[in-house]
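Inspection log for the structure reproduced underneath, given as structure tokens.
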Amino acid sequence: MKKLIDMIAEDVKEAFLACGYKEEFGVVSLSNRPDLCQYQCNGAMSAAKQYKTAPIEIAKAVVERLSGSETIAVADAVMPGFINMKVNEEFLAAYLQEMSEQEDCGFEKTKQPLTIILDYGGANVAKPLHIGHLRPAIIGESIKRICRFAGHKVIGDVHMGDWGLPMGLVIEGIRERQPDLAYFDESFTGEYPEEVPFTTADFEKIYPEASARSKEDEEFKKRAQLTTMKLQNGDAGCRALWNHIMKVSVSDLKKNYGKLNVSFDLWKGESDAQPYIPDMIEDLIARGLAYESQGATIVDVQEESDTKEIPPCIIRKSDGAALYATSDLATILEREKLYAPDRYIYVTDKRQEMHFTQVFRVARKAGFVEPETELVFLGNGTMNGKDGKPFKTRDGGVMQLEQLITDTNEEVFKKVRENREIPEDEAKKTAEIIGLAAIKYGDLSNQLAKDYSFDLQRFASFEGNTGPYILYTMVRIKSILAKYHGTGTEEKPVAINASIREYGEDEISLMLLAARFNDVIEHAYEETAPHKICQYIYELADAFNRFYHNNKIITEPDEMKRGEWISLITLVLHLLEICIDLLGFSAPDRM
Ligand code: ARG
């Protein structure tokens, strides 16, 4: 469906044209004085300069022309030349009725679907997910859903850190515990055992212990580095052990991402890019793009227009080892070969911006991607504690993601129990659903590049601009609908525009907001800005609650009106459902 505001603008443009002015002046925006009007056009002021006429004269002429408009009921010319407008309510009602009959509530998918590689999550194998991984996961998941809803083909890749020093540390950690395993026997030639040589509980301790030890024990660290090299150079024992580590780790990660309602199409990692590296480096050198500098191999990426220094991209260290950038470049080669994406989107901490600037520039310089391929870096801000400093546990440690989820669910559980009587396990399940909304909404309602403070009390509150408030509103609508449908007296659904009547102020506000749906989603997609959806559903929920408090929906005696209201709030619920799904959470039936 066309956007409502565009349909209104079409009429205004036509009016400008009919009055002898260029139609480009008929730009319409939402009113910034909702007390006076719903929409406004300020074009008469700009037209006045060009046509050397008083703006108010132009505005008056245009307003006169608008009298026959189907979309605009009231238009006023206001000094010095504003055009203030109110929508035709019949038109608005018909628009909403059409929305409720259309797939995706009238949102039109793109006619030119792109293939998008979305690189998010970025978990590191063998290490538990900590809160640093929360934002890329939550934001990436929402962007994936928004792009898909817009009609694009999105391939989500977790792109694990599975090839660096942590792998060597874990392997050495295992050796410390079980030095006799076949993997460490240089003379071993048979098949390595199929069963995993450690329990999950043990596994969780191995990395933190090895990592701590490497900070004190230089010799141990050297060994881990050597082992990392051995793994990277294809040592069979290391590789076989690494396969076990990967299996255990990936299934653990899947479980934890699952708790966040986050999923990936690809479980690839840095290791998958390795086969591309030797040829890539050779090619870059052969083409004169990469060269030796102080033993390392580098590619210059500084450009003339830069206002600050962009250091060269190091693709090989003096000891021959590949780096983070090398693996990201090689990953681009693999992705080109396998998926040939039109757009790459990377969601990760904004502190990695320089890294991606370098990688993108090398990829362009070397022609790894087509010139029209888009390379997008979306750097997320940090999640801080209430004190504005990076979030820590009470004893100052790094907060594990699981802990954060547990704490949130406990807080919500208390509230659910306070709210009404409910069996414990139902309350637990409900708390999990609400808890996730609290975390995700708390995160996504901020612009993604901005830092924010995680405030459990506030995020979990059932009032205010929070996830639980949105869910509470949805549950309220669900319960009204259940009551209505439960009476059994209902007839066929009544169209939102069934009667011609005077609408209440709250009703019109709600209707106007509902009608903005496709506009909002389009902006959220274009600007990769999930926070726009949060803003929208907060306003929509608020408008619904005002309407609800001022009207008795179920007991409304006018049957037609009641039926229309039911259809309207059914649409509102549907819109909220689509939106929270795009944000990556869902609503319970009761709370
Ligand atoms: N594993 C990385 C980290 O924890 C994030 C990976 C982001 N994606 C990428 N293609 N570099 O910092």
Side-chain angles (χ1 to χ4, degrees), residues 1-48 50-51 53-102 105-108 495-520 522-523 536 539-540 543 547 564 568 571:
M1 282 171 76
K2 274 191 196 167
K3 285 186 260 169
L4 186 89
I5 194 165
D6 289 350
M7 295 171 83
I8 292 173
E10 268 172 33
D11 282 3
V12 178
K13 288 196 161 104
E14 222 169 79
F16 267 91
L17 209 57
C19 296
Y21 308 110
K22 283 194 198 133
E23 62 169 13
E24 68 198 47
F25 294 112
V27 176
V28 172
S29 57
L30 288 178
S31 159
N32 49 22
R33 285 290 305 274
D35 51 325
L36 295 181
C37 61
Q38 298 155 347
Y39 297 93
Q40 65 188 60
C41 167
N42 304 341
M45 261 82 76
S46 344
Q50 216 180 85
Y51 294 96
T53 314
I56 191 71
E57 294 311 318
I58 298 178
K60 276 186 184 156
V62 170
V63 160
E64 191 140 317
R65 277 281 168 179
L66 284 174
S67 60
S69 157
E70 272 180 30
T71 64
I72 301 160
V74 185
D76 293 315
V78 179
M79 282 302 272
F82 295 111
I83 301 170
N84 289 350
M85 290 166 285
K86 281 198 173 138
V87 71
N88 178 332
E89 297 178 355
E90 271 173 55
F91 161 72
L92 175 63
Y95 187 88
L96 292 173
Q97 179 55 30
E98 194 181 338
M99 272 177 82
S100 55
E101 289 165 11
Q102 297 261 334
C105 297
F107 176 84
E108 277 175 36
I496 296 171
N497 61 338
S499 66
I500 297 172
R501 62 185 167 88
E502 220 177 290
Y503 294 91
E505 208 180 298
D506 300 318
E507 195 177 359
I508 287 291
S509 303
L510 181 60
M511 289 165 80
L512 280 169
L513 267 164
R516 267 178 51 202
F517 170 72
N518 53 3
D519 196 2
V520 170
E522 190 177 297
H523 277 96
Y536 173 66
E539 284 179 49
L540 188 61
F547 170 70
E564 287 178 305
L568 174 63
L571 174 64

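- Applying the ring-ring contact (aromatic ring centres under 6.0 Å, His included) rule to Y51 yields the partners Y21; only residues at least two apart in sequence or on another chain are considered.
- Judged purely by atom type and a 3.5 angstrom limit, E108 uses its side chain to pair as donor or acceptor with the backbone of M1.
- In this structure a side-chain-to-backbone donor-acceptor pair under 3.5 Å is missing from S509 to A543.
- Annotation for I496 and Q97: closest pair N-OE1, 2.8 Å, computed over non-hydrogen atoms.
- A donor-acceptor distance shorter than 3.5 angstrom exists from the side chain of Q40 to the backbone of N32, with no hydrogens or angles considered.
- Residues in residues 71-85 take part in these side chain to side chain donor-acceptor pair (under 3.5 Å) pairs, two or more places apart or across chains: D11-T71, S69-T71.
- Side-chain contact between L512 and Y39 is present, with at least one heavy-atom pair separated by less than 4.5 Å.
- Crowding of E70 atom CD: a count of heavy atoms from other residues, nucleotides or ligands under 6.0 Å not exceeding 12.
- Side chains of M511 and I508 form a contact here, defined as non-hydrogen atoms less than 4.5 Å apart.
- Counting heavy atoms from C-beta on, the side chains of N497 and Y95 never come closer than 4.5 Å.
- Other residues, nucleotides and ligands place no more than 12 heavy atoms under 6.0 Å from the CD atom of E505.
- Side-chain contact between Y536 and L513 is present, with at least one heavy-atom pair separated by less than 4.5 Å.
- Using bins of under 30°, 30° to 60° and over 60° for the plane-to-plane angle, the ring pair F517/F107 lands in the perpendicular bin.
- Proximity of D519 to L4: side-chain heavy atoms (C-beta onward) are nowhere separated by under 4.5 Å.
- Shown here for V87 and A73, the closest heavy-atom pair between the two residues is O-CB, 3.6 Å.
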